Amino acid sequence: MTLWFVFALMTVAAIFAVLWPLGRGSGAQDQGSEVAVYKDQLAEIERDLAAGLIPAPEAEAARVEISRRLLAAAASEPAMAPKSNLKWRRVAAALALAGLPLVAVAVYMPLGSPKLQDFPLAQRQRGSGMAQSLENLVVQVEQHLEKNPTDGRGWNVLAPVLERLGRFDDAVRAYRNSLTYNGESAERRSDLGEAISAAAGGVVTAEAKTEFERAHALNADDPKANYFLGLAAEQDGRKGDAATMWRALLAKAPADAPWRALVQSSLARVGGGTMPALSDETIAASKDIAEGDRNAMVRGMVDRLATRLKQNGDDVEGWLRLVRAYLVMGERDKAMGASADARQAVAGDAERLRQLNEGLRTLGVDG
Amino acid sequence: MIAESGHYALVLALGLALIQSTVPLIGARLGDVALMNVARSTALAQLLFVGASFVALVMLHVNSDFSVANVYENSHSMKPLLYKITGVWGNHEGSMLLWVSILALFGGLVASFGNNLPLSLRAHVLAVQAWIASAFYLFILVTSNPFLRIANPPIEGRDLNPVLQDIGLAVHPPMLYLGYVGFSISFSFAIAALMEGRIDAAWARWVRPWTLVAWIFLTLGIAMGSYWAYYELGWGGWWFWDPVENASLMPWLAGTALLHSALVMEKRNALKVWTILLSILTFSLSLLGTFLVRSGVITSVHAFATDPTRGVFILLILCLFIGGSLALFAGRATSLKQGGLFAPISREGALVLNNLLLTVACAVVLFGTLYPLAMEMLADFKMSVGAPFYNLTFAPLFAMLLLAVPFGPMLAWKRGDLLGVTQRLLAAGVAGLVVIAITWAWVRGGSALAPLAIGLGVFVIAGAVTDIVERTGLVRLPFATVLHRARGLPRSAWGTAFAHAGLGVALIGIVCETTWNSEYIATMKPNDIAHVAGYDLKLDGLLQRQGPNYREMIAEFKISRDGEALTVMAPSKRSFTTRGSSTTEAALLTRGASQLYVSLGDATAEGAIAVRIYYKPMVLLIWWGPVLMAFGGVLSLSDRRLRVGAPKPARAKQRLQPAE
């Protein structure tokens, strides 16, 4: 309500600005004229002459010239008897009274959001009115960590949340910070490895594998490290090694471990689930199938990413992830194609283009 | 409430501008004083409402109200207060709001201080201002509205482009806009004169202060922008012949020409039609600059966002105003009375030469700016026109101009005596030659043209001094008389001398910097020592620090010269998390007019860091020159007296000769 009152006051002030001169009589107005300028110029010459700035003959010549202009100006000066045209003044007044508010409302209504309150920072921090969504909480924690980057506990809390929100690259950074400030532990290493492979679209990259190996070195029984090392072996095509690792993992696992089912299904995928007594032929066949399945899964993920980027090309991280995935899958042509597309998509934004180029360089796709 | 009130105020300003663009014109046609006076009150009210709108946006940025899309996209709650304020115009929408605010400011100034104008002229001028304003209000409201809201406001903003988080943003854009937009006044005056069909010396007298104000701000704005690029981008370059820079240089060249031709018009009632055309061209070039920068045709730090509808809209405004005004000019110019006559060798003649050279230089820059764009658009062929092109075209033109500069103010009006002036400039010429000889003997390396150019700079400065000496009679009259005459000398004469000397100063700086700068690029480890131009820079160590919204890595260098420790320089690299980008903060050490410049590259894993070190001799002269020019402009502006160009009478020539 107050807002409409303010709008009304402002409109009245604007209308008043138009009506005010209309209401005043058109008496003798204070105004400049050409004649006045030339008269001032003549006076100026006298002053310059007195100060000795111009010699007398030049002053005389200037005086003659200006006087000539003065006469011409006086002759051509329109005889401006102040006229008043009541009809047009009424039109102008009507324009101000009706036209101004009409234009204002017609332009403002489709553009403005009069129902929306202001939302300054101070009010927001009191937390009133706004649901504390997960994203907002994350932002608050991030702000806190920006100021206190050595708060290891904060990074510990933040990292899994970021991973769940799909911000894998941020999660990787958070896990790294957590490692730096909380110290080494097998769990943190393998969490970091998991985030890295999540960022790579599910592929256990060499970087991720290093992390899992470190975790394994710290604690040979760390289930996550063991599982992912198996996955890495599977992705490298060493099915047998993968099966061995997973079987060992299941043997040591407590009966109620929540990840049992996952490992079992993985084991089944590489064909080490039930019986070892299969002919070489069958093993070879199932290997092919499993290979096909895995490829189909990864490919599906990559395709989805590619489609998303086609619709919204702003996401530099996404492009890098796509290029990396193609590289991991050994499809260098597609990787090159994707990096060309990416360059085109972000060409309008110098900053993004720079980030992209840097990322591509670290991936080893041209320089 | 603040957001919506600001939005509504902008809409009301549009309404007022529409009234201001029509009612006063009707009043002028009918001779109705009241209707003409509507221009004045609406211009002031417009200023009030646009000002309120601008203040509202500033408050929203300061309060970090992320329910406003513009604030969300360009601000961050942890940004320092100064950058929260300057961030208002560090983005497309806000900078357009600043543009119209300044337009309204100039309109308001004409309305409140235009008492010495004839009523109908003032009505016309303000109406034309309102046309421009209406077009830009519409542009802002329709395509670049800074007051659009977000229903579910995010908790944190996206932060301002880190490169712009600098004190330079507080100064450079407002100054540049004051210059760009200031030329709208002379444009409006020119259109008003064409519409009224009357133009005379009095017109030039009324336009002069506005042109001068715009020129002063544009000069400072360009210089400031150049210095900002120099210290912020980390490459030590101060002018790149980038289209965006050219976009500001073109109105400056045309505006400088306008300043001089308006002088001829005021003093001698000549060059009237040309002056009108220059007024139109200068503002057209300002609009073109706005188009180039704001439409996203050019990718640069200035193009905040690219949006084709904006480009089309500005192009439309551009065509409407430039096309319309030139058509009006073509139709009405012939009906304007021609002014006084003058001999080719005279002050007027010199100013015509000045105009000729400046406009040709401007045309060269225009060609160099638009040709690559046209090629890219029509032939899909990317090319860049850079320093080599301008060195071959722009530089010789300017050299000619500078050679002529000292002669101009010493020639008499109407008919001059070139030989006499040459004799009087002999001392200045000798000074230039001596400097050439000394430079040649003293320095090693560099272009053979450099000493010549320095000599030219000295000649320009000495010429400006000679002019003052001549006018006060310093050498031939007793000191008391000299003092009296110096005090009586119009401040505009002092202004001329300062502005012309500023040209020479800037030239010397440019030549020294480009010819004799030395650079050292290397990867340094702590305790490494770099030797550049006689200075020893020892990298002490790298340290990390947390800023308000960034983290920075600082490298500390101990500087010494000949074993004597001077100071510590600390360039840094800042990384901003929100935008995920980083900036380099160069460290500068000023010694006289020369500077030592250190900026950081990337750090390597082994604790080493890439370092760029430059020694730039006399580099500060490049910016002191424009500051001197602007100071000259201020002196001339403060001279409220009328300008009379007393002509040299033909008969009196013989008689006067011996006295000189």
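The structure presented is a predicted model; accordingly, all values stated were derived computationally and were not measured.
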Chain B contact via [X] - side chain, backbone, both or neither, heavy atoms under 4.5 Å:
{"X": "A:Q117", "result": "backbone"}
{"X": "A:R69", "result": "side chain"}
{"X": "A:E65", "result": "side chain"}
{"X": "A:I15", "result": "neither"}
{"X": "A:V6", "result": "side chain"}

I want to check something: taking the side chain as every heavy atom from C-beta on, are [X] and [Y] in contact at a cut-off of under 4.5 Å?
{"X": "B:F576", "Y": "B:D159", "result": "yes"}
{"X": "A:L19", "Y": "A:L97", "result": "yes"}
{"X": "A:L111", "Y": "A:V107", "result": "yes"}

If I measure from the heavy atoms of chain A, does [X] come under 4.5 Å with its side chain, its backbone, both, or neither?
{"X": "B:Y8", "value": "both"}
{"X": "B:M59", "value": "neither"}
{"X": "B:L30", "value": "both"}
{"X": "B:L16", "value": "both"}
{"X": "B:W413", "value": "neither"}
{"X": "B:V23", "value": "side chain"}
{"X": "B:I26", "value": "side chain"}
{"X": "B:A9", "value": "both"}
{"X": "B:I150", "value": "backbone"}

Less than 4.0 Å between a side-chain N and a carboxylate O, is that true for A:K39 and A:E44?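 A:K39 and A:E44: not salt-bridged.
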
Note: A:E317-A:R167 ion pair, threshold 4.0 Å (strictly below):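 Not counted as a salt bridge, because no side-chain N and carboxylate O are separated by less than 4.0 Å.
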
Flag, side chain of B:K79 to backbone of B:P548, donor-acceptor distance under 3.5 Å: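 Flag not set: sc B:K79 to bb B:P548 has no pair under 3.5 Å.
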
Is B:T22 reaching over with its side chain to a backbone N or O of B:I19, donor-acceptor style, under 3.5 angstrom?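 Indeed, once roles are kept as given, a pair shorter than 3.5 Å links the two residues.
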
Chain B: which of A:R47, A:E60, A:E351, A:R354 shares the most heavy-atom pairs with it under 4.5 Å?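 Winner by heavy-atom pair count: A:E351.
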
As an exercise: rank A:T11, A:T2, A:V103 by heavy-atom pairs under 4.5 Å with chain B and give me the winner.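 Heavy-atom pairs under 4.5 Å are most numerous for A:T11.
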
List the steps and the verdict of side chain to side chain contact (heavy atoms under 4.5 Å, CB included) for B:L60 and B:F147. CA-CA 10 Å; B:L60 292 171; B:F147 292 106; 4.1 Å; yes

Tell me if the CZ atom of A:R63 is crowded by more than 12 foreign heavy atoms within 6.0 Å.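 Counting neighbours around CZ of A:R63, more than 12 heavy atoms of other residues, nucleotides or ligands fall under 6.0 Å, so yes.
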
Please determine, among B:Q20, B:M78, B:Q46, B:R471, the option with the most heavy-atom pairs under 4.5 Å with chain A.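 Heavy-atom pairs under 4.5 Å are most numerous for B:M78.
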
Mind ranking B:V68, B:V38, B:V71 by heavy-atom pairs under 4.5 Å with chain A and telling me who comes out on top?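 The option with the most such pairs is B:V38.
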
For A:P110 against A:V105, the heavy-atom pair lying closest together: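 For A:P110 versus A:V105, the nearest heavy atoms are CD-O, 4.2 Å.
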
Working note: B:L141 + A:Y108, criterion side chain to side chain contact (heavy atoms under 4.5 Å, CB included); need CA distance, chi angles, decisive distance, verdict. CA-CA 9 Å; B:L141 286 167; A:Y108 175 76; over 6 Å; no

